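Here the structure comes first, spelled out in structure tokens, and everything after it is commentary.
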There are 2 protein chains.
Amino acid sequence: MNTLSEENYLKAIFRLSQKSDEKITPTAIAEALGNNAASVVDMIRKMTDKELIEYDKKKGVRLTQQGLKDSILIVRKHRLWEVFLLEKLGFHWDEIHDIAEELEHVSNASLADRLDKFLGFPEYDPHGDPIPKANGKLPKTFTVSLADVKTGASCKVAAVRDTSSSFLQYLVKLGIGIGTPIQVLERIAFDQSLVIKINEQDQTTVSQRFSESILIS
Amino acid sequence: MNTLSEENYLKAIFRLSQKSDEKITPTAIAEALGNNAASVVDMIRKMTDKELIEYDKKKGVRLTQQGLKDSILIVRKHRLWEVFLLEKLGFHWDEIHDIAEELEHVSNASLADRLDKFLGFPEYDPHGDPIPKANGKLPKTFTVSLADVKTGASCKVAAVRDTSSSFLQYLVKLGIGIGTPIQVLERIAFDQSLVIKINEQDQTTVSQRFSESILIS
DNA sequence: AAATAAAATTAGGTATACCTAATTTTATTT
DNA sequence: AAATAAAATTAGGTATACCTAATTTTATTT
Ligand SMILES: [Mn+2]
Ligand SMILES: [Mn+2]
Ligand SMILES: [Mn+2]
Ligand SMILES: [Mn+2]
């Protein structure tokens with residue numbers, strides 16, 4: 001069995017591997033977890049011994065089969081609990097991530113599957129992230145961001161790349177949620193800010209950082 | 001905030017204080033938690049410094065106001081999660097305790113209250129233990145055991161004193177659950193075993209240890 | 001009251017998961 | 001290629017929460 005810290009490392013490594021094809025360095029993991037790189041090097045040794053990961057300076061950190069399986073289960077639990085917290089307990093969008101960060105570590109062989117069934121086998125979590133199935137398969141992940149949309153074109157919000165409450169609260173303020181239609185009216189050449197129309201009503205200007213944090217379909 | 005270990009100590013001390021009026025010694029806590037008495041003495045110092053408990057060799061360990069408040073919240077969360085696991089996720093009677101042992105440590109200001117509401121404000125957990133209310137008040141606790149019932153008299157199972165799966169599985173095998181009517185037919189003088197009639201049907205003999213582990217109303 | 005047993009405490013130790021500071025290795029720039 | 005910067009690693013350290021063995025204190029028995 002994996003410790004709480006090992007689970008958080010597994011999840012961080014999994015998310016880094018999903019995010020891009022770049023090799024996963026100790027520094028990248030350190031940044032993701034808010035730890036010192038020296039601590040990460042310590043942990044890489046322990047997790048290599050446990051055969052959860054492989055580390056090669058050239059290839060970076062890779063999950064082993066076991067490590068991949070374990071990390072997918074943690075992500076599955078995290079996202080299922082988020083659905084539960086939002087839909088059943090009525091928590092707000094910006095509150096659920098931190099609670100799920102703790103709930104994901106509760107270990108019981110059938111807990112995830114029972115929760116999944118209870119929730120009606122949801123495919124996506126409240127942030128639009130795909131919930132891994134019991135067999136480990138992931139529903140389609142959204143990868144195109146609002147920043148990629150052509151000027152004049154329309155799209156729908158499918159997921160958010162940032163789960164910080166400052167970002168999510170900003171979205172609430174703008175009236176944007178999963179499924180909200182957005183039209184890109186103008187792209188400011190100077191800093192790639194976008195003038196957008198939200199839900200066919202309000203018009204606002206948003207920064208590049210903002211538009212890159214929204215995934216669309 | 002309290003660490004996971006501190007929370008488990010708080011809960012153990014709370015349960016010992018509920019169980020009887022005897023003073024709570026380091027040895028008693030050690031036994032309850034399966035720790036060495038030396039470790040308990042260490043922790044008593046830390047928790048005294050944090051003003052969660054008071055320790056006086058004459059009076060034993062006592063919870064401070066803060067310690068009492070904190071421990072009641074943990075017990076509240078434990079028992080609410082047990083109801084959730086049994087009623088909503090369909091776990092069995094003997095599986096829920098260990099999972100709730102982990103879930104009780106998830107910390108969020110409104111989690112317990114939202115869960116309570118979602119479950120319809122249950123008064124007792126699946127083992128018949130009272131669930132502390134949001135204000136800290138406890139519903140009536142059952143204290144009379146099957147061993148106290150007069151020969152010939154009838155009663156109903158209200159709660160179980162032991163949540164081990166060996167005990168709970170034995171109860172399932174005997175067809176005994178919360179609310180099951182039991183009549184005491186005979187008391188064996190030799191070892192205080194009881195001959196009982198379950199649910200007005202089956203007749204069995206049970207040990208003293210068994211009858212002391214069942215609370216009745 | 002003395003002897004004995006039990007409980008509490010102290011002393012010294014371990015594994016986990018972090019840290020900072022120093023050093024070494026690797027990548028990038030000039 | 002040398003100089004410089006960045007990344008990785010090592011060395012040595014800390015807090016937490018445990019442990020065993022030895023000692024001291026308290027309670028119980030004779
Ligand atoms: Mn986590
Ligand atoms: Mn999410
Ligand atoms: Mn616990
Ligand atoms: Mn219970």
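We name chains A, B, ... by the order of the sequence lines, and we start the count at 1 in each one. If you're wondering where the values come from, they're calculated on a predicted model, not measured in any experiment.
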Show me the side-chain donor-acceptor pairs of residues 126-140 of chain A shorter than 3.5 Å, one per line, residues at least two apart or across chains.
| unit_1 | atom_1 | unit_2 | atom_2 | d |
| --- | --- | --- | --- | --- |
| A:His127 | ND1 | A:Glu82 | OE1 | 2.9 |
| A:Asn135 | OD1 | A:Lys137 | N | 2.8 |

Those residues of residues 16-26 of chain A lying under 4.0 Å from DNA chain D by at least one heavy atom: A:Thr25, A:Pro26
Pairing string, 5' to 3', for DNA chain D - Watson-Crick or wobble contacts under 3.5 Å, brackets [ ] where pairs cross, | to another strand: ||||||||||||||||||||||||||||||
Distance, rounded to the nearest Å, where A:Lys57 contributes NZ and D:dA6 contributes C1': 13 Å
Any pair counted as side chain to side chain donor-acceptor pair (under 3.5 Å), so long as it reaches residues 165-174 of chain B, sequence neighbours left out: B:Asp94-B:Gln169, B:Ser164-B:Ser166
B:Trp81 and A:Trp81 aromatic ring geometry - parallel, tilted or perpendicular at 30°/60° bounds: perpendicular
B:Val41 and B:Ser39, any side-chain heavy atoms less than 4.5 Å apart: no
Sorted by number, the residues of residues 100-107 of chain B with heavy-atom contact under 4.0 Å to DNA chain D: none
Shortest non-hydrogen separation from A:Ile182 to A:Leu146 and the atoms involved: CG2-CD1, 3.9 Å
Any B:Ser39 side-chain nitrogen or oxygen under 4.0 Å from OP1 or OP2 of D:dA17: no
Student check: side-chain heavy atoms of B:Leu194 and B:Val149 closer than 4.5 Å: no
A:Lys50 bridged to A:Glu6 by N-O distance under 4.0 Å: yes
A:Tyr9 OH to C:dA17 P, straight-line distance once rounded to whole Å: 9 Å
Side-chain ion pair, A:Asp116 and A:Arg76, N-O less than 4.0 Å: yes
Between protein and nucleotides 11-16 of chain C, what N or O pairs are separated by less than 3.5 Å?
none

Phosphate OP1/OP2 of C:dT9: any B:Arg45 side-chain N/O under 4.0 Å: no
Heavy-atom check, side chain of A:Asp148 versus side chain of A:Glu212, under 4.5 Å: no
Euclidean distance, atom CG of residue A:Leu4 to atom C1' of C:dA17 [Å, nearest integer]: 11 Å
Closest approach of A:Ile178 to A:Ala159 (non-hydrogen atoms, all atoms of both residues): CD1-CA, 3.7 Å
Gap between atoms CG and P, on B:Asn36 and D:dT20 respectively (whole Å): 5 Å
Residue pair B:Ser213, B:Arg161: steps toward the side-chain hydrogen bond (donor to acceptor under 3.5 Å, both in side chains) verdict: CA-CA 5 Å; B:Ser213 297; B:Arg161 246 185 195 152; over 6 Å; no
Pairing of B:Asp191 and B:Arg209 as salt bridge, 4.0 angstrom limit: no
Salt-bridge contact B:Glu104-B:Lys11 (side-chain N to carboxylate O under 4.0 Å): yes
Distance, rounded to the nearest Å, where A:Ile44 contributes CD1 and D:dT9 contributes C1': 11 Å
